[in-house]
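Beneath this line is the structure, given in structure tokens, with notes to follow.
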Amino acid sequence: MRAISQDTFGGPDVLKVVDLPTPSPGVSEILVAVHAAGLNPTDWGNRARGFSVQTPVTLGWDVSGVVEAVGFGVTLFKPGDEVFGMLPYPGGVGSHAEYVTGPARAFALKPSAIDHVEAGALPLAALTAYQALVETADLRPGQRVLIHAAAGGVGHLAVQIAKSRGAYVIGTASASKHDLLRSLGADEVIDYQSVDFAEVVRGVDVVLDSISSDAAGRARSLAVLRPGGTLVSLIPVPIDATELHAIAERGIRFEALLVEADHAGMQAIADLAESGELRPHIAATFPLAEAARAHALGESRRTAGKIVLEVREGGSAERARRMLSDAFIGDTAIVDRIVRSDYIQHNPQAPDGPDALKYFGAGLRQQFPEVTNLPKRAIAEGDMVLLHSHVVFVPGTPGTAVFDIFRFQDGKIAEHWDVLQEVPATTVNGNDMFATLSAPRTSSPQQPWFTDFNKRVVDAFFGRLMVNKDLSAIDQYVDPDYRQHNPRIADGAVGVRAGLREYFERFPQLSIVPKRTIAQGDLVAVHSHYIPEPGDRGKAVVDLFRVRNGKLVEHWDAVQDIPEAAANDNTMF
């Protein structure tokens, strides 16, 4: 198996990709095929100074993946189960690898509402927050809690766990991270760079302290606690008996917490994630081989939330993206690995079969040796994957907007459709065809638990407006601040109405036949056959919408004329 290992302590450059034997599960252990593994400050701390490990070592305590095998005595899980958990801390390290073993009762079933990247971000940080606030401080409804570094890995999860307990949450963070904290439910946020929290906060029941490394620092947090309050320190530094006695005399409870692997705690975290009360904020993801870059970013302290290593290729969407990148820009060997021998092609320029795909890709590279493929967003639903990309065949030109649709079968690509449109030099709305403008500004699907609802919204909107030409659907479904990336239509509901009214009047016999809808989270794509007039071959179109709170807030698309002849016997649909 591949793993990230180090033979000495030092900077990120000591981390290397190595080949190690795949471990076998012992008694009461499971073997997990790791899909994602979170990074925590203890990872780069141990990498640099070896607080609790010795070299050679593979770091990593967070893990989300699939059970590959179980050891004797394991009854909680079976091979094929999706699980997440924290390896025993600090000694049970090793998740930054393709496989890892750990005690079965350090894991829980992965919540279906989150993917492996989100699940891999949770265990150590969420367990720390849960064990500190719930099990140690016994946080109760109505109590006031101060969370230091509230936008950090532990802090942003602690905010959500505290809110799930009905607490009043005060968080400290730099001003740039206040919007994030408010979105997570924080009642008050304090900019520690400009405000001394000890001067503005009083009467707190619990302080979660991840910043105080000496008595002077602790004194400032102790000052805001009411008599009978609790300070839970997450900093592993000694505290002398004199200070402990002084704290106790003030009627304040002091506890220093070291997180423990725990099945019950992981199950509680899984329940919170399943209900939507707990979501990790993913600052960045890196492939396993780029662990050094991930460490460098983490040590910069410029991020909020968690950094995650994607150990496997991220499922079908990632496999499809890698295939496009390698086949059309790099090495076509990936086609043999992930494309079926009976591959069906709907691109009119390419015949069926994997060999034709490799030939087509090689010809493209020969014609356009500097072609670049910039992935913008991806949707995976069931056996379908949609990729939205910006392909620039010749450097310095606007390039082409491309939607690729793949159908997977038995883990391999079985079928492909696509729609391509040249990017114009200017647009009516002033937006480019690829940016994300709706808040939160992300290219990734959000809120996967709303997938079915959002899909129904788009199906209803599309049926009324595009199929039945009912412009009143705009009033019901389009947000007034709708962001438009079709280069010919202005922003806003007003722009949609004006643009489509003119389009329907120009083509009174227009018919639109939706072929497939693919949704993930708040992104929903509709692949359609637009026929302006009877007898016209028509156009292949993909419309991609972002849906929030039952309203369409953003739209991208690509439109391609259907040619008279094709290199295969399939239609484009």
Side-chain angles (χ1 to χ4, degrees), residues 4 32 34-47 51-53 57-65 83-97 100-103 105-108 110-111 114 116-136 147-161 208-210 232-236 256-270 272-273 278-286 291 294-295 297-299 301 303-311:
I4 300 298
V32 178
V34 182
H35 282 240
L39 283 175
N40 298 282
T42 189
D43 288 299
W44 46 84
N46 273 289
R47 184 216 69 229
F51 296 131
S52 60
V53 299
V57 64
T58 294
L59 292 170
W61 283 269
D62 285 337
V63 58
S64 180
V83 297
F84 76 136
M86 186 194 79
L87 302 178
Y89 188 82
V93 73
S95 69
H96 296 169
V100 71
T101 57
R105 291 187 179 274
F107 293 85
K110 182 185 77 66
I114 58 176
H116 282 293
V117 169
E118 293 171 302
L122 284 173
L124 189 150
L127 271 179
T128 300
Y130 186 85
Q131 290 172 4
L133 295 176
V134 179
E135 297 181 342
T136 301
I147 298 172
H148 287 306
V154 172
H156 86 289
L157 299 174
V159 169
Q160 298 173 72
I161 290 171
L208 183 59
D209 187 1
S210 58
V232 183
S233 172
L234 306 181
I235 302 296
L257 175 78
L258 187 69
V259 66
E260 299 179 67
D262 175 39
H263 172 70
M266 285 306 306
Q267 186 57 58
I269 290 163
L272 289 170
L278 183 64
R279 286 290 181 274
H281 175 77
I282 307 300
T285 62
F286 292 87
H295 274 240
L297 177 61
E299 285 182 297
R301 298 187 176 184
T303 61
K306 290 295 296 287
I307 299 169
V308 180
L309 295 178
E310 293 193 75
V311 179

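On a predicted model such as this, the values are computed, not experimentally measured, just so you know.
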When you look at L127 and Y89, which way does the side chain to side chain contact (heavy atoms under 4.5 Å, CB included) test go after all the steps?
-> CA-CA 11 Å; L127 271 179; Y89 188 82; over 6 Å; no

Using the side chain to side chain contact (heavy atoms under 4.5 Å, CB included) rule, take F286 and I307 through it: C-alpha gap first, then chi angles, then the decisive distance, then the call.
-> CA-CA 8 Å; F286 292 87; I307 299 169; 3.9 Å; yes

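- How far CG of L157 is from CG of L278: 5.5 Å, rounded to the nearest 0.5 Å.
- With H156 contributing its side chain and H281 its backbone, the two residues share a donor-acceptor pair below 3.5 Å.
- The two residues W61 and P90 make their nearest non-hydrogen contact at CZ2-O, 3.2 Å.
- Taking 4.5 Å as the limit, some side-chain heavy atom of H96 sits within range of a side-chain heavy atom of L309.
- To the nearest 0.5 angstrom, T58 atom OG1 is 8.0 Å from I4 atom CD1.
- Closest heavy-atom contact between A119 and F84: O-CD1, 3.5 Å.
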Test V57 against N46 for side chain to side chain contact (heavy atoms under 4.5 Å, CB included), laying out the working first.
-> CA-CA 10 Å; V57 64; N46 273 289; over 6 Å; no

Show me the donor-acceptor pairs within less than 3.5 Å that the side chains of residues 257-267 make with the rest of the protein, sequence neighbours left out.
residue : atom : partner : partner atom : Å
D262    : OD1  : A264    : N            : 3.4
D262    : OD2  : G265    : N            : 2.8
H263    : ND1  : F107    : O            : 2.6
Q267    : NE2  : D271    : OD1          : 3.0

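- Partners of S95 by side-chain contact (heavy atoms from CB on, under 4.5 Å), not counting sequence neighbours, listed by chain and number: A37, V63, L87.
- Of all the heavy atoms in V100 and G94, the pair that sits closest is CG2-O, 3.4 Å.
- Listed here is the closest heavy atom pair of R279 and E118: CD-OE2, 4.2 Å.
- Atom CD1 of I269 and atom CG of L122 lie 7.0 Å apart (nearest 0.5 Å).
- Across all their heavy atoms, H116 and A36 have their closest contact at O-CB, 3.3 Å.
- The two residues A121 and I282 make their nearest non-hydrogen contact at CB-CD1, 3.7 Å.
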Trace of the side chain to side chain contact (heavy atoms under 4.5 Å, CB included) decision for N40 with K306 | CA-CA 8 Å; N40 298 282; K306 290 295 296 287; 3.3 Å; yes

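- Partners of H295 according to the side chain to side chain donor-acceptor pair (under 3.5 Å) rule, which considers only residues two or more places apart in sequence or in another chain, are R47.
- Remark: D62 CG to D43 CG distance equals 7.5 Å, nearest 0.5 Å.
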